[in-house]
Engineer: 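Have a look at this one before I ask anything.
So that the names make sense, note that chain A is the first sequence line, chain B the second, and so on, each numbered from 1.
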2 protein chains.
Amino acid sequence: MNPDELSPVAQDYLKVIWSRTEWGAPPITTGELAQRFGTSAANVTETLKRLDAQGLVARIPYKPVELTEAGAQCAIAMVRRHRLLETYLVEALGYDWDEVHDEAERLEHAVSDTFIARIDAILEHPTADPHGDPIPDADHRWAHPEDARRLASVTGSGRFRVLVVSDADPEVLRTARELGLVPGVELDVDAGESGAAGAGPLVRVLGREGVEVPGSVAEGMLVRPIV
Amino acid sequence: MNPDELSPVAQDYLKVIWSRTEWGAPPITTGELAQRFGTSAANVTETLKRLDAQGLVARIPYKPVELTEAGAQCAIAMVRRHRLLETYLVEALGYDWDEVHDEAERLEHAVSDTFIARIDAILEHPTADPHGDPIPDADHRWAHPEDARRLASVTGSGRFRVLVVSDADPEVLRTARELGLVPGVELDVDAGESGAAGAGPLVRVLGREGVEVPGSVAEGMLVRPIV
DNA sequence: TCATGAATTTAACCTACCTTAAATATGGTC
DNA sequence: GACCATATTTAAGGTAGGTTAAATTCATGA
């Protein structure tokens with residue numbers, strides 16, 4: 001099913017439900033969706049019922065929600081739109097790293113497939129958006145490293161490369177850029193025993209100079225070990 | 001009032017109501033709005049009541065509707081968005097003349113003022129869109145020749161310059177381009193006594209070679225006499 | 001196993017936008 | 001001045017998406 005036939009609300013739900021599990025996290029709950037959209041859990045329940053009736057999600061009451069195959073296809077199409085738009089806004093319109101998310105969030109509901117195809121061609125078929133997130137191609141395939149993990153979950157020490165910085169929070173993006181933590185950068189990480197401390201808020205990173213990464217930023221960054 | 005605070009439906013109504021009178025036509029009626037939006041007159045009445053309650057239109061039952069000052073400001077902002085977007089789609093994304101209208105129609109509800117400011121700068125503050133329609137500037141002023149008239153309303157003969165080809169109908173745009181009738185072109189018009197014949201469907205135009213302009217195209221073209 | 005607190009769903013109600021059908025106002029015409 | 005066709009409005013009802021408050025289910029610790 002083409003996502004153009006869905007309402008903007010339906011498009012948003014599918015994208016958020018899909019994105020939750022992109023890096024292996026468990027499926028999203030009603031309450032988390034309510035928080036994400038700034039609405040009530042009651043409203044989320046009603047909306048999920050409608051999506052279930054449309055065959056886009058497989059809803060089991062009181063359980064986290066999961067996408068059907070049709071729902072996942074629409075979701076990936078929306079993620080492709082979002083990430084291509086973010087890339088275009090940065091590359092062609094001079095937007096900053098931390099400005100593009102909200103603009104893309106609105107544009108993705110309005111652009112046609114033609115528009116997406118044109119910017120994809122102009123950008124020469126990019127495979128990652130400005131934050132490092134992989135861009136699904138027109139056939140809904142996308143590169144997805146299996147050994148990625150959150151910087152916040154790293155224990156001990158080692159060398160890593162930054163893959164993705166989450167675009168959900170502009171403040172995280174600004175801080176990450178100030179610290180030089182952009183996709184592609186290599187890091188020598190010395191996280192001490194943060195795992196043992198239980199949600200330790202700080203991770204120590206050694207690059208050109210030693211910097212301390214705030215917990216919120218480490219939580220929003222995906223890194224991959226360099227062998 | 002910033003049009004961002006309005007619903008897409010409200011934005012559409014204001015833009016269409018304003019556009020109707022841009023070239024001196026009388027204000028638009030309930031029935032014409034219904035036809036334009038492909039909806040019922042009953043629905044138009046309800047929507048106009050809501051716009052009236054918001055202070056955007058001055059509605060007198062059974063009369064054609066007119067905008068308030070606040071409504072006109074929003075309308076002009078939407079027209080500016082639409083025409084800048086059409087220009088950008090043609091100049092930057094390689095859209096054809098006759099493809100841009102629908103895409104701009106959807107994008108204009110989604111783009112931010114920041115987006116509009118960026119494409120305005122990239123295009124170097126254009127004053128006319130691809131069809132020749134004037135683009136209001138950021139202060140909502142726009143160039144508006146007083147002596148413009150529809151090609152269909154020209155009688156007798158004389159020399160004219162094409163100002164605007166309406167973007168409402170892609171078929172008109174395609175035909176106009178095939179005939180060489182694009183904004184800026186000079187025409188020697190010999191319309192015969194079409195005025196006397198009462199809605200004569202054909203207008204004779206002499207340029208490099210004599211061509212006959214279909215009535216629907218002549219109706220959608222604004223021309224200005226060359227002195 | 002059972003009480004309890006948190007999460008979720010149900011219920012009742014709201015607005016915006018849309019439908020069709022019925023009522024009503026308007027603008028000519030005789 | 002009354003009549004008529006047409007345009008417009010009112011009325012009644014539907015869906016999507018939202019609200020708050022009450023009921024219900026789940027997981028869990030005593």
Engineer: Classify every nucleotide of nucleotides 16-21 of chain C by which part a protein heavy atom approaches to under 4.0 Å, writing B for the base, S for the sugar-phosphate alone and - for neither, in 5'-to-3' order.
Structural biologist: SBBBBB
Engineer: How many whole angstroms separate atom NZ of A/Lys49 from atom C1' of D/dG17?
Structural biologist: 14 Å
Engineer: Can you build the contact string for nucleotides 23-29 of chain C? Use B for base contact, S for sugar-phosphate-only contact, and - for no protein heavy atom under 4.0 Å.
Structural biologist: --SS---
Engineer: Within this structure, what is the CG-to-P distance between A/Leu6 and D/dT15, rounded to whole angstrom?
Structural biologist: 18 Å
Engineer: Let me know the distance between CG of B/Leu33 and P of D/dA7, rounded to the nearest Å.
Structural biologist: 14 Å
Engineer: Compute the ring centroids of B/His82 and B/His101, then answer whether they are less than 6.0 Å apart.
Structural biologist: yes
Engineer: For B/Glu32, what residues pass the side-chain hydrogen bond (donor to acceptor under 3.5 Å, both in side chains) criterion, not counting sequence neighbours?
Structural biologist: B/Arg20, B/Thr29
Engineer: Please report, rounded to the nearest Å, how far the C1' atom of C/dT8 is from the CD atom of A/Glu32.
Structural biologist: 13 Å
Engineer: Under 3.5 Å, is there a donor-acceptor pair between the side chain of B/Ser40 and the main chain of B/Asn43?
Structural biologist: yes
Engineer: With a 4.0 Å cut-off on N to O distance, would you call A/Glu99 and B/Arg118 a salt bridge?
Structural biologist: yes
Engineer: For the pair made of CD in A/Gln35 and P in C/dA7, what is the distance, rounded to whole Å?
Structural biologist: 10 Å
Engineer: Using whole Å, what does the distance between atom P of nucleotide D/dA16 and atom CD of A/Glu5 come to?
Structural biologist: 15 Å
Engineer: Rounded to the nearest 0.5 Å, what separation is found between the CG atom of B/Leu107 and the CG atom of B/Leu89?
Structural biologist: 6.5 Å
Engineer: Report yes if some heavy atom in the side chain of A/Gln11 is under 4.5 Å from a heavy atom in the side chain of A/Ser7; otherwise report no.
Structural biologist: no
Engineer: Of all of residues 65-77 of chain A, which get a heavy atom below 4.0 angstrom from DNA chain C, listed by number?
Structural biologist: none
Engineer: Who pairs with B/Arg50 by side-chain hydrogen bond (donor to acceptor under 3.5 Å, both in side chains), at least two apart in sequence or on another chain?
Structural biologist: B/Thr47
Engineer: Which residue in the set A/Ile28, A/Val44, A/Leu67, A/Val65 passes side chain to side chain contact (heavy atoms under 4.5 Å, CB included) when paired with A/Tyr13?
Structural biologist: A/Val44
Engineer: Taking side chain to side chain contact (heavy atoms under 4.5 Å, CB included) as the test, write out the residues that go with A/Glu69, two or more places apart.
Structural biologist: A/Gln73
Engineer: Any sub-3.5 Å donor-acceptor pair from B/Thr68's side-chain atoms to B/Gly55's backbone N or O?
Structural biologist: yes
Engineer: State whether the side chain of A/Asp139 and the backbone N or O of A/Arg141 hold a donor-acceptor pair below 3.5 Å, judged by distance alone.
Structural biologist: no
